[in-house]
There are 2 protein chains.
Amino acid sequence: MKIGELAEQADVSTKTVRYYESIGLLAEPARTPSGYRDYDHDAVERLRFVRDAQATGLALAEIVSILELKDAGSTSCQHTTALLERHLAELDEQITRLQQARAELTGLADRAARLDPSSCTDPNRCQVIAR
Amino acid sequence: MKIGELAEQADVSTKTVRYYESIGLLAEPARTPSGYRDYDHDAVERLRFVRDAQATGLALAEIVSILELKDAGSTSCQHTTALLERHLAELDEQITRLQQARAELTGLADRAARLDPSSCTDPNRCQVIAR
DNA sequence: GACAAGTTTCCAGCCGGATGGAAAGTTCGT
DNA sequence: ACGAACTTTCCATCCGGCTGGAAACTTGTC
């Protein structure tokens with residue numbers, strides 16, 4: 001499978017595929033006699049794995065370290081487990097902050113909604129969009 | 001209050017304070033006779049708000065527009081209300097996504113904790129994360 | 001009146017995560 | 001045999017959000 005087909009199946013660009021190879025996320029694939037990258041189906045799986053891991057907010061560098069462990073054939077999942085737990089804690093923190101920010105924004109929105117609409121006639125007093 | 005004190009109280013760097021000013025997040029403060037920036041306590045509040053909003057994943061440019069609404073204070077209009085509501089909707093969406101990611105991660109972590117370490121040998125498949 | 005610490009402006013560079021484009025080589029369809 | 005579509009490498013650029021450093025100035029302390 002050539003790079004274009006791989007990219008399509010994994011729903012990324014060929015640029016991204018080469019970029020991932022360059023940062024060690026994808027092993028260097030076999031090459032055709034003419035030098036084209038030649039992937040097997042594992043590469044699709046791997047790219048999908050990357051996508052999934054990325055969707056949970058893991059940075060590419062973190063995904064690399066998980067995959068390196070995997071590639072090394074480690075017999076322990078401790079690395080992955082520790083990473084997951086750390087990430088989970090970060091996620092909780094982020095959710096908390098989001099909810100705090102949401103509360104503040106809700107306050108702003110409520111105040112805005114209670115205002116007299118007729119006070120909104122002066123174009124100079126609504127600076128939000130204009131500026 | 002000089003820039004260093006402000007930075008300390010808001011837990012950002014002086015570099016960041018000047019940067020925020022440069023992108024319109026902070027108004028240009030008063031200056032001492034010698035040209036030092038001279039802030040009041042509102043600036044601390046504002047920086048803290050920025051930090052909170054930023055923690056939600058809002059871009060600084062978006063925070064700028066929210067703060068402009070805040071600055072408009074007692075005045076509002078359709079545009080500003082719509083803007084806020086859009087931000088709120090995005091925020092809710094983001095919270096939902098994070099909670100989903102959290103649930104997924106929790107599942108993974110649980111699975112990892114229950115796994116027999118000796119079963120983690122397949123070089124092409126990390127059993128913790130693989131789907 | 002010396003010296004450190006703080007501040008000023010300005011310009012450069014870094015990070016992650018790509019994306020763009022040029023110039024050259026390859027493969028496929030007709 | 002030709003052209004389009006694809007692939008190669010390499011280098012540049014983008015974006016947001018800072019961060020670093022230089023050179024000059026101000027302030028506070030001994």
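First the proteins, then the strands, lettered A, B, ... as listed; each starts at 1.
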Exercise. Look at A:Ser34 and C:dT27 and indicate whether a side-chain polar atom (N or O) is within less than 4.0 Å of OP1 or OP2.
Key: yes
Quiz item: Side-chain donor or acceptor of A:Lys15 under 3.5 Å from a matching atom on the base of C:dG21?
Solution: yes
Self-check item: Integer-rounded Å distance: D:dT27 P and B:Asp38 CG
Solution: 12 Å
Quiz prompt | Between D:dG20 (P) and B:Arg18 (CZ): distance, integer Å | solution = 13 Å
Quiz item: For C:dT9, does OP1 or OP2 lie under 4.0 Å from any side-chain N or O of B:Arg31?
Solution: yes
Exercise. Decide, yes or no, whether a salt bridge links B:Glu28 with B:Arg37 under the criterion of side-chain N to carboxylate O below 4.0 Å.
Key: no
Quiz item: NA contact type, A:Arg37, heavy-atom cut-off 4.0 Å: base, sugar-phosphate, or nothing?
Solution: sugar-phosphate
Quiz item: Rounded to whole angstrom units, what separation is found between the OH atom of A:Tyr19 and the P atom of D:dC11?
Solution: 17 Å
Quiz item: Below 4.5 Å, heavy atoms only, C-beta onward: do A:Tyr36 and A:Ile3 meet side chain to side chain?
Solution: no
Self-check item: Rounded distance in Å - CD (B:Glu21) to C1' (C:dT9)
Solution: 12 Å
Self-check item: 5' precedence on DNA chain C between B:Lys2 and A:Thr16 (nearest-nucleotide basis)
Solution: B:Lys2
Quiz item: For B:Tyr20 and D:dC18, is the shortest distance between a side-chain N/O and OP1 or OP2 below 4.0 Å?
Solution: yes
Self-check item: Backbone of B:Ala59 reached by a side-chain donor or acceptor of B:Glu62 within 3.5 Å
Solution: yes
Quiz item: D:dG16 C1' sits how many Å from B:Leu25 CG, rounded?
Solution: 12 Å
Quiz item: Within the structure shown, what part of the strands sits under 4.0 Å from B:Ser13 by heavy-atom distance: base, sugar-phosphate, or nothing?
Solution: sugar-phosphate
Quiz item: Toward the 5' end of DNA chain D, which comes first, B:Leu60 or A:Ile3, by nearest nucleotide?
Solution: A:Ile3
Quiz item: To the nearest angstrom, how far is B:Tyr39 atom OH from C:dT8 atom C1'?
Solution: 12 Å
Self-check item: Expected output: side-chain A:Asp38 to main-chain A:Met1 donor-acceptor under 3.5 Å
Solution: yes
Quiz item: Want to settle it: does B:Pro33 or B:Ala61 sit nearer the 5' end of DNA chain D, counting the closest nucleotide to each?
Solution: B:Ala61
Quiz prompt | N/O (side chain, A:Gln54) to phosphate O (OP1/OP2, C:dA18) under 4.0 Å | solution = yes
Quiz item: With no angle test and no hydrogens, is the base of C:dG25 tied to the side chain of A:Tyr36 by a donor-acceptor pair under 3.5 Å?
Solution: yes
Quiz item: Can you tell me how far P of D:dC18 sits from CG of B:Leu26, to the nearest Å?
Solution: 12 Å
Quiz item: For A:Ala10, does its backbone N or O pair with a side-chain atom of A:Arg51 as donor and acceptor, under 3.5 Å?
Solution: yes
Practice problem: Would you mind reading off the distance between A:Glu62 atom CD and C:dG16 atom P, rounded to a whole angstrom? | Solution: 11 Å
